[in-house]
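Here the structure is laid out as structure tokens; the discussion comes afterwards.
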Amino acid sequence: MLRIYDTQTGGKKEFVPVNEGKVGMYFCGMTVQSEPHVGHMRVAVVSDIFRRYLRYKGYDVTLVINFTDIDDKIIEKARERGVDYQKIAQENIDKFMEFLAFLGAEKADYYPRATAHIDDIVAFVERLVENGVAYESGGDVYFEVGKWPGYGKLSKRRLEDLVAGASERVELDDRKRNPEDFVLWKAAKEGEPSWDSPWGKGRPGWHIECSAMTTKYLGEHFDIHGGGTELIFPHHENEIAQTEAATGKPYVNHWVHHGLVNLVGEKMSKSTGHFKTMAEISKQFSPDVVRFYLLSTHYRSEIEFSDERLAEAATAVERFENLFRTLERLVGREGEGVVAAQASPAVVDARKRFFDAMDDDLNTAQAIGHLFDVVRVINQEVGSGADEAVLRSDRAVLRELSEVLGLLEGIGTAGEEVPPEVLELVRVRTEAREARNWALADETRDRITALGYSVEDTSDGPVARKDK
RNA sequence: GGCGGCGUAGCCAAGUGGCUAAGGCAGAGGAUUGCAAAUCCUCGAUCCCCCGGUUCGAAUCCGGGCGCCGCCUCCA
């Protein structure tokens with residue numbers, strides 16, 4: 001039984017889809033005001049792992065990730081650079097997609113943008129006005145929080161606390177009836193992008209786009225809505241208010257919030273400039289390493305991002321790579337002579353524990369622990385000369401589990417080309433070793449190393465491969 | 001101030017009432033190797049921030065501390 005956490009109820013509960021056999025998932029992507037950083041990468045990996053696993057469980061999954069492509073910062077940047085705001089947005093969207101591909105995350109089914117859904121947004125706001133929970137004021141439209149009794153149920157905040165807090169911090173806008181009200185539609189300011197609406201020219205507030213787009217793509221009541229914990233309030237709280245006030249139905253069954261990514265102990269954020277971009281990361285580490293690293297901590301926990309942590313992950317990932325390589329040497333390429341489940345009992349057992357962990361709120365950290373058990377068992381079997389049929393089945397399990405995590409998909413399935421000059425040196429070294437000329441053998445190995453390759457003496461003779 | 005989360009071996013990280021507290025990285029020793037590499041084996045918390053309490057039994061529940069972090073209307 002698959003259990004998934006829900007922020008609103010504050011615990012794990014059985015996953016029961018709204019529509020049998022199908023899953024609707026929406027993750028808040030990014031406000032494309034600057035280039036994506038490692039925090040956004042976590043959304044990409046978390047949404048991807050949810051989709052992979054639900055699909056593994058047999059569901060037909062629809063994943064939607066939005067882009068907020070209009071906000072104050074985007075407008076400001078466009079003005080600074082003297083370009084259209086859409087150019088800023090598009091550049092950052094392109095970068096986001098690029099790194100999604102880098103991470104091996106499959107594309108979402110829809111990537112809706114706020115500015116492409118103005119009609120839907122306006123219709124949604126109108127619905128709220130008609131329902132008496134929103135009001136127009138000076139060209140703005142506000143959601144009147146006090147008119148909707150469920151407000152605060154996600155973030156566990158009480159309205160009076162909000163009012164008290166707000167009075168200290170927020171300058172009272174005289175267009176608002178109450179300080180806790182939030183904007184659904186903003187009247188246009190001079191020189192800003194704007195769209196026509198029943199309240200005059202303007203642009204959407206930050207929260208309303210998600211309500212309009214989720215209901216459009218996934219319906220008024222769907223399964224999973226994700227994002228970072230910092231979005232719980234106000235963004236998701238407001239989204240619930242807007243949507244449920246409009247539809248009169250429960251909105252989302254599982255609110256899934258992933259922990260933030262910290263850099264040197266401090267939250268990464270666009271606003272402080274304290275972040276590491278994906279571009280920097282992709283130069284230093286492979287997609288498998290980054291994925292492995294992010295998945296080795298449970299998605300709801302905070303995670304600290306540092307080069308040291310990534311380097312450790314790289315060492316761990318190498319063990320998987322080495323095993324796939326060893327298996328290829330011993331029993332050939334994957335897919336050749338695949339035998340049905342003859343995997344060894346220890347592997348089968350670890351496989352079961354792997355899926356138990358995944359069923360428990362996608363506990364990838366625990367699942368990875370069991371995956372290492374599989375690796376160790378297979379290595380033991382390799383060392384003791386296990387039957388090829390068993391090794392093939394073992395490998396099939398290993399492949400199955402790593403695919404659930406989206407790891408190592410390209411490993412062991414394609415031979416690595418080694419250039420002729422390296423192969424020649426390997427031959428020279430082998431001859432030297434046969435002649436017990438250790439000095440020449442070691443010197444030749446040094447030359448191979450200098451070319452960026454290493455050579456290992458396996459039971460099947462020397463094997464050369466490119467260094468990382 | 002309000003709300004929420006966290007504190008487990010040198011580091012990272014599972015485990016949230018009951019077998020010997022997963023796994024990874026680092027380290028030590030051993031096997032294997034001409035030497036390496038790869039791999040395997042062995043070794044590490046008598047204990048889970050501290051102090052009380054509940055319980056036959058708690059890292060896990062409750063109370064009180066201490067420390068760290070997030071949110072409180074830009075932010076994945």
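Chain identifiers are assigned alphabetically (A, B, ...) following the order of the sequence lines, protein sequences preceding nucleic acid strands; residue numbering begins at 1 within each chain. Note that this is a predicted model, so its numbers are computed, not measured.
- Between B/C71 and B/G64, the distance separating the two P atoms is 26 Å to the nearest Å.
- Looking at the side chain of A/Phe372, the nearest of the listed nucleotides B/C40, B/A76, B/G23 is B/G23.
- The side chain of A/Thr31 lies closest to B/A76 when the candidates are B/A76, B/G70, B/C35.
- The pair A/Glu91-A/Arg81 meets the salt-bridge criterion, since a charged nitrogen lies less than 4.0 angstrom from a carboxylate oxygen.
- With both ends at atom C1', the span from B/G23 to B/G44 equals 15 Å, rounded to whole Å.
- Under the salt bridge (charged side-chain N to carboxylate O under 4.0 Å, His left out) criterion, A/Arg436 pairs with no residue, sequence neighbours left out.
- Atoms CG and CZ, on A/Leu408 and A/Phe292 in that order, are 9.5 Å from each other to the nearest 0.5 Å.
- In this view, A/Asp394 satisfies the side-chain hydrogen bond (donor to acceptor under 3.5 Å, both in side chains) rule with no residue, not counting sequence neighbours.
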Would you tabulate the pairs of protein nitrogen or oxygen atoms and nucleotide nitrogen or oxygen atoms of nucleotides 6-11 of chain B closer than 3.5 angstrom?
{"residue": "B/C11", "atom": "O2'", "partner": "A/Arg309", "partner atom": "NH2", "Å": "2.7"}

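- Between the C1' atoms of B/G15 and B/C56, the separation comes to 23 Å (whole Å).
- For the P atoms, the distance from B/A36 to B/C12 is 32 Å, rounded to whole Å.
- In the set B/G23, B/G34, B/A76, the nucleotide with an atom closest to the side chain of A/Asp373 is B/G23.
- Atom pair A/Glu434:CD and B/G34:P shows a separation of 13 Å (rounding to whole Å applied).
- Between the P atoms of B/C66 and B/A28, the separation comes to 41 Å (whole Å).
- Residues that satisfy the salt bridge (charged side-chain N to carboxylate O under 4.0 Å, His left out) test with A/Glu144, not counting sequence neighbours, are A/Lys147, A/Arg177.
- For A/Gln90, the side-chain hydrogen bond (donor to acceptor under 3.5 Å, both in side chains) criterion is met by A/Asp94, A/Arg113, not counting sequence neighbours.
- Between A/Glu106 and A/Arg52 no salt bridge is recorded (no basic side-chain N to carboxylate O distance below 4.0 Å).
- The C1' atoms of B/A59 and B/A9 are separated by 14 Å, rounded to the nearest whole Å.
- Scored by the salt bridge (charged side-chain N to carboxylate O under 4.0 Å, His left out) test, A/Arg433 finds A/Asp457 as partners (sequence neighbours excluded).
- Across all strands shown, A/Val455 has heavy atoms under 4.0 Å from base atoms, whether or not it also approaches the sugar-phosphate.
- Residue A/Asn322 places at least one side-chain N or O under 4.0 Å from the OP1 or OP2 atom of B/U39.
- Closest approach to the A/Arg319 side chain among B/C25, B/C74, B/C35 is made by B/C25 (side chain taken as heavy atoms from C-beta onward).
- Listed candidates were B/A14, B/C72, B/G24. Nearest to the side chain of A/Phe233 is B/C72.
- Partners of A/Glu424 under the side-chain hydrogen bond (donor to acceptor under 3.5 Å, both in side chains) rule, at least two apart in sequence or in another chain, are A/Arg427.
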Under a 4.0 Å heavy-atom criterion, the protein footprint on nucleotides 58-63 of chain B, written with B, S and -, is ------
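- Between A/Arg309 and A/Glu312 there is a salt bridge, since at least one side-chain N of the basic residue sits less than 4.0 Å from a carboxylate O of the acidic one.
- Judged by atom type and distance alone, A/Asn262 does not reach the base of B/C68 through any side-chain donor-acceptor pair under 3.5 Å.
- Residue A/Ser301 places at least one side-chain N or O under 4.0 Å from the OP1 or OP2 atom of B/A14.
- Phosphate contact (OP1/OP2 of B/A13, side-chain N/O of A/Gln366, threshold under 4.0 Å): absent.
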Check: protein-nucleotides 28-30 of chain B nitrogen or oxygen pairs below 3.5 Å:
none

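- Listed by chain and number, the residues in a side-chain hydrogen bond (donor to acceptor under 3.5 Å, both in side chains) with A/Asp359 are A/Tyr53, A/Lys57 (sequence neighbours excluded).
- Taking 4.0 Å as the cut-off between side-chain N and carboxylate O, A/Asp288 and A/Arg291 do not count as a salt-bridged pair.
- For A/Asn363 and B/A14, the shortest distance from a side-chain N or O to OP1 or OP2 is not below 4.0 Å.
- In this structure, A/Glu98 has no salt bridge (charged side-chain N to carboxylate O under 4.0 Å, His left out) partners at least two apart in sequence or on a different chain.
- Checked against B/A14, B/C74, B/U39, the side chain of A/Ala365 finds its nearest nucleotide in B/A14.
- As rounded to the nearest Å, B/U20 and B/U33 have C1' atoms that lie 35 Å from one another.
- Among residues two or more places apart in sequence or in another chain, the side-chain contact (heavy atoms from CB on, under 4.5 Å) test is passed with A/Asp109 by A/Arg51, A/Thr62, A/Leu63.
- Listed nucleotides: B/A76, B/U39, B/G15. Nearest to the side chain of A/His37: B/A76.
- Picking from B/C35, B/C41, B/A76 the nucleotide with the shortest atom distance to the side chain of A/Val43 gives B/A76.
- With a 3.5 Å ceiling on both atom-pair distances, the Watson-Crick or G-U wobble partner of B/C71 is B/G2.
- Each of B/C71, B/G34, B/A36 was ranked by its minimum atom distance to the side chain of A/Ala441; first place goes to B/G34.
- When the P atom is used for both B/U60 and B/U8, the distance is 13 Å, rounded to whole Å.
- Using Watson-Crick or G-U wobble geometry with both donor-acceptor distances under 3.5 Å, B/U60 finds no partner in any strand shown.
- When distances run from any side-chain atom of A/Glu456 to the nucleotides B/A37, B/U39, B/U73, the shortest one goes to B/A37.
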